[in-house]
Q: 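Here it is: the structure, laid out below.
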Number of protein chains: 2
Amino acid sequence: MGIRAQQKEKTRRALVEASFNQLSAERSFSSLSLREVAREAGIAPTSFYRHFKDMEELGLTMVDEGGLTLRQLMRKGRQRAAQGGSIIRVSIETFLEFIDSNPNVFRLLLRERSGTSAAFRSAVQREIEHFIAELMEYLQANAGLTVEVAHAQAEAMVILVFSAGAEALDMTPKKRKVLAERLVLQLRMIVKGGAAL
Amino acid sequence: MGIRAQQKEKTRRALVEASFNQLSAERSFSSLSLREVAREAGIAPTSFYRHFKDMEELGLTMVDEGGLTLRQLMRKGRQRAAQGGSIIRVSIETFLEFIDSNPNVFRLLLRERSGTSAAFRSAVQREIEHFIAELMEYLQANAGLTVEVAHAQAEAMVILVFSAGAEALDMTPKKRKVLAERLVLQLRMIVKGGAAL
DNA sequence: GAAAATGGCTAACAGTTGTAAGCTGAAAAC
DNA sequence: GTTTTCAGCTTACAACTGTTAGCCATTTTC
């Protein structure tokens, strides 16, 4: 890669990282301005346009990236579970670790799922569906269920995990334990209930 | 009530209604400006302060109001179910009707649940917990479960219903039917699974 | 080595925002 | 009937926004 393209990639990364870093409980992506992001990344406002058409394009990049890292992590978690250990517990652990070490990635997905940009919403929805599909495949292979039931099951589980994640964001580690236990209980109910149908 | 207080209440309502009316798939409460709301309500920007300290105070009022109407509706639904009819089906119907006739109220609750204002988040959370508590009471009385299980069950059900509602917002009536059926299946899984534990 | 491409910059614009200061006329209090 | 209260108004300001135009230095291309 040429020295030029290399530098370009570097400031592009700086923009993405600057955006992620500015997210917090009090700050959503949609509340970030182009100028703020550019400032944080250390470039002039107008240089932003050398990399992204507008903030939406930046955001979509971030969603794709975030979704990818999450899915990779979960896949690893499932592999870990395959060689001993409850799939439910391991998945929940993996997910909570993800939230703990990438809170802002999760915040982005969580908020833009119900945000004001249709492109964002469907990008996040796509990520979640990937997610459901992988879990569903696992469930069907390991429990031999109807496609319909397996899908409903996988979807319900993903929704509950996501929702618990959202709550966990603001919690102390101690309260998280309680949350995680209840989540385990809920997922078990779904597994048992699905099998019974 | 004096003629003065009456007029004041009227423009206060106008502000609340103006805010609700400006919400849409493309517009969130946090993206509304004080000036826009005032304009829509037909008053000068600075007159806004005669009614609310800032936009956050307006929003909290809206959350409280929205949560109240939703809970009242659901309570009615449950009464309807008490005299014949599946509680699950009736509740889902009631909820989807609510979303259909008050999409913007639901949008507000949905978005501010994961929004950037701590006050908003806990206001919505409080509404949801009311919601869970009422359902839990019902479940415990009618199925005789542990407190723990009943709570986990009620919570899971509320989350799934909310989440389905979010999806339903952008859907055609035809697709909603499919969604509703899957939701029924999911709630049944939780009922069955809870009983099995 | 000359010419073209390009990432980053400065300057400048028109528009919007929240909010302060202060006036006015009508209702409320006395 | 006089005084006080107050919802709503106009004007004003400083801050910030996204975006255009155009220059510069360095890398890339030929």
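Just the heavy atoms: all of them, side chains too, but no hydrogens, waters or symmetry mates, feed the values below. Note on naming: letters A, B, ... go to the chains in the order of the sequence lines (proteins, then strands), and numbering restarts at 1 for each one.
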Q: Less than 4.0 angstrom between a side-chain N/O of B:R39 and OP1 or OP2 of C:dT17, yes or no?
A: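 Yes, such a contact exists.
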
Q: What is the distance, to the nearest angstrom, from the CZ atom on B:R4 to the P atom on C:dG25?
A: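 These atoms are roughly 14 Å apart.
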
Q: Counting just side-chain N and O atoms, does A:T11 come under 4.0 Å of either OP1 or OP2 of C:dG7?
A: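 For C:dG7, neither OP1 nor OP2 has a side-chain N or O of A:T11 closer than 4.0 Å.
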
Q: Nearest whole angstrom, please: distance from the P of D:dT27 to the CE of A:M1.
A: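 That distance rounds to 15 Å.
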
Q: Can you tell me the distance, in whole Å, between the NZ atom of B:K10 and the C1' atom of C:dA27?
A: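 B:K10 atom NZ is separated from C:dA27 atom C1' by 16 Å.
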
Q: Can you list the residues that meet the side chain to side chain contact (heavy atoms under 4.5 Å, CB included) rule with B:A82, with sequence neighbours excluded?
A: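 Side chain to side chain contact (heavy atoms under 4.5 Å, CB included) list for B:A82, sorted by chain: empty.
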
Q: Output yes when A:E127 and A:R113 qualify as a salt bridge under the 4.0 Å nitrogen-oxygen rule, no when they do not.
A: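 The answer is no: the pair does not qualify as a salt bridge.
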
Q: D:dC6 P sits how many Å from B:R12 CZ, rounded?
A: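 In whole Å, D:dC6 P lies 16 Å from B:R12 CZ.
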
Q: So which of residues 29-36 of chain A are in contact with DNA chain D, with a heavy-atom cut-off of under 4.0 Å?
A: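 Contacts with DNA chain D under 4.0 Å: A:S33, A:L34, A:R35, A:E36.
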
Q: With B:R27 as reference, evaluate B:S24, B:S30, B:S31 under the side-chain hydrogen bond (donor to acceptor under 3.5 Å, both in side chains) test and give the passing residue.
A: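 Filter result, single survivor: B:S31.
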
Q: Do A:L15 and A:I43 have side-chain heavy atoms sitting under 4.5 Å apart?
A: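 Of all side-chain heavy-atom pairs linking A:I43 with A:L15, at least one is under 4.5 Å.
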
Q: Does a donor on one side chain sit under 3.5 Å from an acceptor on the other, for B:Q22 and B:E36?
A: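 No, because no side-chain N or O of B:Q22 sits under 3.5 Å from a partner of the opposite role on B:E36.
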
Q: Could you tell me the separation between the CD atom of A:Q7 and the P atom of D:dT28, rounded to a whole number of Å?
A: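 These atoms are roughly 11 Å apart.
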
Q: Rounding to an integer number of Å, can you tell me how far B:K8 NZ sits from C:dA28 P?
A: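 About 13 Å, once rounded to whole Å.
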
Q: Are more than 12 heavy atoms, taken from residues, nucleotides or ligands other than B:E167, located less than 6.0 Å from that residue's CD atom?
A: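 For B:E167, atom CD is crowded (more than 12 foreign heavy atoms under 6.0 Å).
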
Q: Under 4.0 Å, heavy atom to any atom of DNA chain D: which of residues 43-58 of chain A qualify?
A: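 Result for residues 43-58 of chain A: A:T46, A:Y49, sorted by number.
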
Q: How close or far is atom C1' of D:dA7 from atom CG of B:L15, stated in whole angstroms?
A: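 From B:L15 CG to D:dA7 C1': 12 Å.
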
Q: Checking side-chain polar atoms at under 3.5 Å, does A:R12 have a donor or acceptor matched by the opposite partner on A:H51?
A: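 The answer is no; no qualifying pair exists.
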
Q: So, A:E26 and B:T116: side-chain donor and acceptor under 3.5 Å apart, yes or no?
A: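 Looking only at side-chain atoms, B:T116 and A:E26 do not form any donor-acceptor pair under 3.5 Å.
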
Q: Is any NZ, NE, NH1 or NH2 atom of the basic residue among A:R4 and A:E9 found under 4.0 Å from an Asp or Glu carboxylate oxygen of the other?
A: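 A:E9 and A:R4: not salt-bridged.
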
